[in-house]
Amino acid sequence: MDEKSKNKPPSGLERVKRWLYAKDIEERASGCVLCGSCYGHGPINPMEDEPGPKTKCPPYEFYRFQRFTPKSRWLMSQRVFHGLDTITPELKEVIYTCTTCLMCQETCGVRDDGYGPWDITAAMREEITAKEGPIEAHRPLLESLKRHDNPWSQPQSERGKWADGLGLKTLGSGKASTLLFAGCSADQPHGRAGAVALAKLMKHAGEPFVILGAEESCCGLYARDLGFRDEYHRLQEKNQRAIKTAGITTIVTACGSCTRIWREYPKEETAGVELLHAVEYLERLVRSGKLKFKKAARKKIVYHDPCHLGRGCGVYEAPRNLLRAVPGVELVEMPRNRRWAWCCGGGGGVPEAYPELARWNAEDRLKEARETGAELMVTTSAVCLRSFSSGENALPIQDLLEFLSQSL
Ligand code: SF4
Ligand code: SF4
């Protein structure tokens, strides 16, 4: 084994073997205890004050077969790890229908011991990629990441076009300790409005910041969640190098999924750097009086918690506080909100591989939003905005950041 391979961090099921009842290893082995809390329609834990949601895992609710539960994903991976099963098309279907909503991470008691069911699913995807390559529906995403540093087959030279005409400073041309990380979606129809609005809001508040422009790379979301571990490490290292060289101390992201991925980078690599989603940053500006929304919006508005910003980062109140800071806004809630918010169906590569599941998931959420009587739904993730961009139950939808920038 050469030096490089020896130093390579473990990936695939080897990475999570402690949670696969690998009893021959030194650390205490653990794993799924078959409690059913991650998909059952009863309370998660009867001792909890807050009983939790009835619906938990979207693919299980859609297909209604036990094998599509988080528990089954864990057990199937365990059997592969112990050599009892091979990787079959049926196993792949189960593993790749996970929307990465992270609900099972929230509900599984075993997670107190470290990893949860979603971590095992992600590791199983890494195992499949290493042994057989990506599934066909995900191949273009991997190839694009390798070639263009983004999943959308957009040439790197076109990166950062979202900022054209805004007069922003890029890392090389201006000095600042704060970086606005726009994300790959900023150059796509569903992500542009949020990135542009964030830049306008920060400028309006007089905050100095830079962007990476054409030098920006994907945070690693698709590589992380689809099981392209080598790509994930490459992108992670590239991003870390960029901020270290420039001496950045605060990173503000426009998309909830970017926030989650940046926060999952190794802590020692991002030490001394504060990682904030735009809503957290803007909430501080409102509190300090640097940002004020003057234009009234007499509207009933419902907020959709993106899974990655909510369950992934624990950010629930900042977006709601910002909406309350806009005069005239009446904030209403869907029954499944905050920790128990229902997924949009857009994550985990599901729209590419199982579009019927992704569509059902988005429609189900849109129906719930419509039933609140809201005139507008806002959210703050490019992934969710893409999922909600069409559909029978669609109500007007807007990026929260854009809504705020129009309320100045
Ligand atoms: S992350 Fe969501 S979709 Fe995936 S297994 Fe867990 S609950 Fe199911
Ligand atoms: S994955 Fe966790 S919540 Fe689900 S059955 Fe196993 S131990 Fe229970």
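Remember, it's 1-based here, ligands and their atoms both numbered in the order they're listed. For this chain, numbers begin at 1 and follow the sequence in order.
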K.L.:
Would you mind checking which non-hydrogen protein atom is closest to atom 2 (Fe) of ligand 1, with the distance to 0.1 Å?
P.N.:
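Ranked first by proximity to atom 2 (Fe) of ligand 1 is Cys101 SG, 2.3 Å.
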K.L.:
Measure from the side-chain N and O atoms of Thr250 to the backbone N and O of Thr178, and report whether any donor-acceptor pair falls under 3.5 Å.
P.N.:
no
K.L.:
Salt bridge check: are Arg139 and Glu136 linked by an N-O gap of less than 4.0 Å?
P.N.:
yes
K.L.:
Please determine whether Cys108 has a backbone or side-chain N, O or S atom lying under 2.8 Å from atom 2 (Fe) of ligand 2.
P.N.:
yes
K.L.:
Under 2.8 Å from atom 6 (Fe) of ligand 1, is there an N/O/S atom belonging to Cys98?
P.N.:
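Looking at Cys98, which is the residue asked about, there is no N, O or S atom under 2.8 Å from atom 6 (Fe) of ligand 1.
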K.L.:
Tell me which part of Leu34 gets within contact of ligand 2: side chain, backbone, both or neither, using heavy atoms under 4.0 Å.
P.N.:
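Under 4.0 Å from ligand 2, Leu34 contributes backbone atoms alone.
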K.L.:
Starting from atom 5 (S) of ligand 1, locate the nearest protein heavy atom and write down its residue, its atom name and how far away it is, to 0.1 Å.
P.N.:
Arg73 NH1, 3.3 Å
K.L.:
Please state which protein non-hydrogen atom is closest to atom 4 (Fe) of ligand 2 and give its distance, to 0.1 Å?
P.N.:
Cys38 SG, 2.3 Å
K.L.:
Considering the heavy atoms of Pro59, write down every atom of ligand 1 situated less than 4.0 Å from one of them.
P.N.:
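By the 4.0 Å cutoff, the relevant atoms are 3 (S).
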K.L.:
So, 4.0 Å and heavy atoms of Pro117: is ligand 2 close enough to count as a contact?
P.N.:
yes
K.L.:
Which atoms of ligand 2 are found less than 4.0 Å from any heavy atom of Lys71?
P.N.:
5 (S)
K.L.:
Between Glu126 and Arg229, is the closest basic N to carboxylate O distance under 4.0 Å?
P.N.:
yes
K.L.:
What's the shortest distance from atom 6 (Fe) of ligand 2 to any protein heavy atom, and which residue and atom give it?
P.N.:
Cys32 SG, 2.3 Å
K.L.:
Using distance alone, with no hydrogens and no angle criterion, decide if Glu61 and His41 have a side-chain donor and acceptor under 3.5 Å apart.
P.N.:
yes
K.L.:
Using a 4.5 Å cut-off on heavy atoms from C-beta on, say whether the side chain of Phe388 contacts that of His190.
P.N.:
no
K.L.:
Take the angle between the ring planes of Phe62 and Trp360 and call it parallel below 30°, perpendicular above 60°, tilted in between.
P.N.:
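Because their plane-to-plane angle lies in the 30° to 60° range, the rings of Phe62 and Trp360 count as tilted.
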K.L.:
Any non-hydrogen side-chain atom of Cys108 less than 4.5 Å from a side-chain atom of Pro70?
P.N.:
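They are not in side-chain contact.
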K.L.:
Exactly one of Arg336, Arg339, Arg320 should register a side chain to side chain donor-acceptor pair (under 3.5 Å) with Asp305. Which one does?
P.N.:
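Of Arg336, Arg339, Arg320, side chain to side chain donor-acceptor pair (under 3.5 Å) with Asp305 is met by Arg320 alone.
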K.L.:
Identify, by atom number and element, the atoms of ligand 1 in contact range of Leu102, meaning under 4.0 Å from any of its heavy atoms.
P.N.:
1 (S), 2 (Fe)
K.L.:
Looking at ligand 1, does Thr121 have a heavy atom less than 4.0 Å from it?
P.N.:
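No, Thr121 has no heavy atom closer than 4.0 Å to ligand 1.
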K.L.:
Taking only heavy atoms of Gly36, which atoms of ligand 2 are found under 4.0 Å from at least one of them?
P.N.:
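So the answer, numbered in order with elements, is 5 (S), 8 (Fe).
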K.L.:
Check ligand 1 against Cys104 and write out every atom of the ligand that is under 4.0 Å from a heavy-atom position of the residue.
P.N.:
1 (S), 5 (S), 6 (Fe), 7 (S)
K.L.:
Among all the protein's non-hydrogen atoms, which is closest to atom 7 (S) of ligand 2, and how far away is it?
P.N.:
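Residue, atom and distance for the closest contact: Val33 N, 3.3 Å.
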K.L.:
Verify the distance criterion only: is there a donor paired with an acceptor across the side chains of Asp364 and Trp342 at less than 3.5 Å?
P.N.:
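Per modelled atom types, Asp364 and Trp342 side chains form a pair under 3.5 Å.
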K.L.:
I'd like to know if the side chain of Ser257 pairs up with that of His308 as donor and acceptor (distance under 3.5 Å, no hydrogens or angles considered).
P.N.:
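Note: Ser257 and His308 side chains meet the donor-acceptor criterion.
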K.L.:
Check each atom of ligand 1 against the heavy atoms of Pro58 and keep those under 4.0 Å away; list them by number with element.
P.N.:
3 (S)
K.L.:
Do me a favour and list the nearest non-hydrogen protein atom to atom 8 (Fe) of ligand 1 with residue, atom name and distance?
P.N.:
Cys57 SG, 2.4 Å
K.L.:
With distance as the sole criterion, is a donor-acceptor pair present between the side chains of Glu269 and Gln236 under 3.5 Å?
P.N.:
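Judged by distance alone, the side chains do not pair up.
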K.L.:
Of the backbone atoms (N, CA, C, O) and the side-chain heavy atoms from C-beta on, which set of Trp74 has a member under 4.0 Å from an atom of ligand 2: side chain, backbone, both, or neither?
P.N.:
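Side chain only; the backbone of Trp74 stays clear of ligand 2.
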K.L.:
Just which atoms of ligand 1 are under 4.0 Å from any heavy atom in Trp118?
P.N.:
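Answer for ligand 1: 1 (S).
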K.L.:
Under a 3.5 Å cutoff, is there a donor and acceptor pairing between the side chains of Ser405 and Lys200?
P.N.:
no
